[in-house]
Amino acid sequence: MFVTGNPDSLMMNKARQFRQSLLGDQPVVAMGGHDGMSAKLAEHAGFGAVWASGLEISTSAGVPDANILTMTDFLDAAREMNAATALPIVADCDTGFGNSNNVIHMVRGYETSGIAAICIEDKLFPKVNSFIPGRQELATVWEFAGKIMAAKHAQELPDLVVIARLESLIAGYGVDDALRRADAYHRAGADMILIHSKDKTAGPVLEFLRHWKRRSPVAVVPTTYPELTVEDWRSQGVNLVIYANHGLRAAIDAMEKTYAKILAAGSTASVESEISPLSRVFELQGMPQMKLEEQRFLKNLSGSDVRAIIPAAGTVAPGDLEVRMGAAVPRPLLDIYGRTILQRQVDSLSSVGVQRISLVSDLPAETVTANGPVEAIEAPGGGLLQTIFAGLECFGESDRTLICFCDLLFESSVLDVLFQSEGDITLLVDRTFQETRAKPRKASLDLVLTDPAPSSDVRALKQSQVFTVKAISKSLSVEESHFEFVGMVLLSSKGGEIFREGYRRYAASEHAFDTGTASLNDFLQQLIDDGVSVQTCETHRGWLEVHDFEDYKAAVEQVQSR
Ligand code: SPV
Ligand code: MG
């Protein structure tokens with residue numbers, strides 16, 4: 001997270017707010033933490049601050065709390081906690097990571113990172129955790145007072161709280177030594193005194209407090225004398241109560257028990273009800289917030305709500321393509337310069353967010369899925385319409401559906417245009433064929449007549465206009481037709497329902513056409529005749545179909561030259 005030098009920025013306000021809260025009627029209660037998650041949990045539980053504990057940070061790194069980690073490690077951990085929570089961070093900075101030069105460098109790093117308070121202790125560098133028996137060497141009073149002065153000198157803004165931690169009781173020098181040092185550190189400018197003790201009772205700390213007489217704000221770390229309540233400490237003039245390591249110890253216990261149970265049971269079933277569900281994990285990560293932000297700021301892929309059906313069964317007898325290639329290669333598996341048509345379709349569809357793609361065919365499932373993330377649906381037999389509807393029946397009613405012919409190659413930009421459509425049934429159409437009207441190479445284009453007819457103006461302000469389809473057929477004349485149908489139909493969820501309902505109705509009745517042999521054109525025309533509105537969406541190039549050997553050659557050449 002960026003922190004500016006602006007004193008009014010959120011991060012700086014944390015220091016100011018913490019300083020003010022120390023003056024309140026109630027002590028601030030801080031919970032020890034070592035990472036973003038522990039800091040967040042402290043906030044959710046209702047603590048007033050996070051103690052960025054050297055003990056916890058070291059333990060989580062698997063090393064002794066003995067200045068094995070560097071200042072950078074501690075600062076990184078404090079930053080992570082600070083970014084994860086709105087709570088102020090009180091950073092345990094051991095002895096200041098060296099002498100007063102190190103303290104100056106340290107204070108600059110912590111202050112500009114938005115840490116609300118730093119705490120340094122009057123032991124010698126390298127220290128060991130205060131609860132470890134043996135070597136607990138104290139700095140001289142004047143050396144440590146110098147560090148406090150250095151810290152106050154280094155801070156740029158008045159808000160950062162500098163805490164002087166007394167280790168006299170830890171090192172066995174008694175309350176008098178603690179009071180003498182507290183006086184010196186207070187005079188040196190410390191904003192707060194932390195009186196630490198490893199005694200089994202609160203006695204020595206309470207004695208210190210009685211003599212200190214609230215000369216400055218005071219913090220306590222009642223790890224070994226846990227009976228006193230926050231209220232007890234308040235009545236003794238304490239402003240900050242630090243529960244330094246209880247989260248870490250709770251986690252260790254829970255993890256050890258869970259691990260043992262899993263190994264003993266040979267499965268994780270017995271622990272499932274005792275551990276946090278993954279939904280809680282995602283909540284802690286901030287995933288719900290991220291999803292909201294994603295909706296606002298992430299480029300929405302146009303096809304993320306679209307499912308695609310590629311009907312590829314019931315195709316016509318081998319044409320010249322198969323004859324010239326010497327084998328009847330199924331159209332989706334036709335190799336176009338190193339990738340099959342199906343692979344190329346799947347790539348284009350995936351690139352605009354279409355995640356569920358189904359090929360309805362009589363090909364073995366492995367042959368289909370070898371072409372990418374595409375699901376194989378077995379064709380029921382029969383013609384193209386039956387193949388399409390076998391795919392449609394597999395999809396949920398809330399999805400938008402794209403029906404895409406299996407012999408098409410297309411740019412993803414074509415899909416982007418089509419997916420903008422708000423119609424229930426939209427045909428992708430192109431009128432480029434009119435440019436070659438004098439000499440159409442193909443005998444039977446799928447041609448479309450619309451109402452109104454598109455304007456023949458060369459210049460048009462609107463890039464794409466929506467027209468209503470009046471007729472669609474291979475037998476319309478090139479001259480009277482307005483568009484060519486590209487072989488893609490987009491159905492809204494309502495459009496899908498209209499399709500399914502129409503198909504069932506026509507299949508069940510003695511209708512003019514036989515659903516077993518009718519083409520998609522026939523079906524669309526029947527819907528139109530029954531009063532259903534079918535719209536166009538226009539593209540200008542960006543696609544080609546591979547019907548015959550000429551198409552195949554053109555496709556290879558064009559793909560190759562891209
Ligand atoms: C820490 O939490 O790292 C502390 C407090 O410094 S204590 O472990 O009690 O020394
Ligand atoms: Mg510590």
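Quick note: residue numbers are just sequence positions, from 1. Just so you know, ligand 1 is whichever comes first in the structure, and atom 1 is the first atom listed for that ligand.
- Taking 2.8 Å as the threshold, D92 counts as a candidate ligand of the Mg ion (ligand 2), since one of its N, O or S atoms lies below it.
- Of the N and O atoms on the side chains of S350 and D347, not one donor lies less than 3.5 Å from an acceptor on the other residue.
- With D92, T223, N129, L248 as candidates, the residue nearest to atom 1 (C) of ligand 1 on a non-hydrogen basis is D92.
- Ligand 1 has a nitrogen or oxygen under 3.5 angstrom from a nitrogen or oxygen of L55.
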Could you go through L194 and V220, starting from their C-alpha distance and side-chain angles, then the distance that decides it, and tell me whether this counts as side chain to side chain contact (heavy atoms under 4.5 Å, CB included)?
CA-CA 6 Å; L194 186 155; V220 293; over 6 Å; no

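- Checked for salt-bridge contact, D335 and R339 miss the test: no charged N lies under 4.0 Å from a carboxylate O.
- Proximity to A244 (heavy-atom distance under 4.0 Å) selects the following atoms of ligand 1: 2 (O).
- When the heavy atoms of G33, S130, S53 are ranked by distance to atom 2 (O) of ligand 1, first place goes to S53.
- Here the straight-line distance linking atom OG of S38 with atom CG of L284 works out to 10.5 Å at 0.5 Å rounding.
- Taking every non-hydrogen atom of F131 and a distance limit under 4.0 Å, the qualifying atoms of ligand 1 come out as 7 (S), 8 (O), 9 (O).
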Candidate pair D424 and K494, rule salt bridge (charged side-chain N to carboxylate O under 4.0 Å, His left out), full reasoning = CA-CA 6 Å; D424 288 324; K494 185 171 161 213; 3.6 Å; yes

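- Contact annotation: for H196 versus ligand 1, heavy atoms closer than 4.0 Å belong to the side chain alone.
- A side chain to side chain contact (heavy atoms under 4.5 Å, CB included) with N371 is found for one member of Q343, R344, Q345 and no other, namely Q343.
- Using modelled atom types and a 3.5 Å distance limit, the side chains of S113 and R79 yield a donor-acceptor pair.
- For the 3.5 Å distance criterion, the side chains of S304 and R400 fail to qualify, holding no donor opposite an acceptor.
- When heavy-atom distances to ligand 1 are checked against a 4.0 Å cut-off, K198 has no atom that comes that close, whether in backbone or side chain.
- The N/O atoms of W51, backbone and side chain alike, include one that comes under 3.5 Å of an N/O atom in ligand 1.
- Looking from atom 5 (C) of ligand 1 to the surrounding protein, the closest heavy atom is R165 NH1, 3.9 Å.
- Residue G54 has at least one N or O atom closer than 3.5 Å to an N or O atom of ligand 1.
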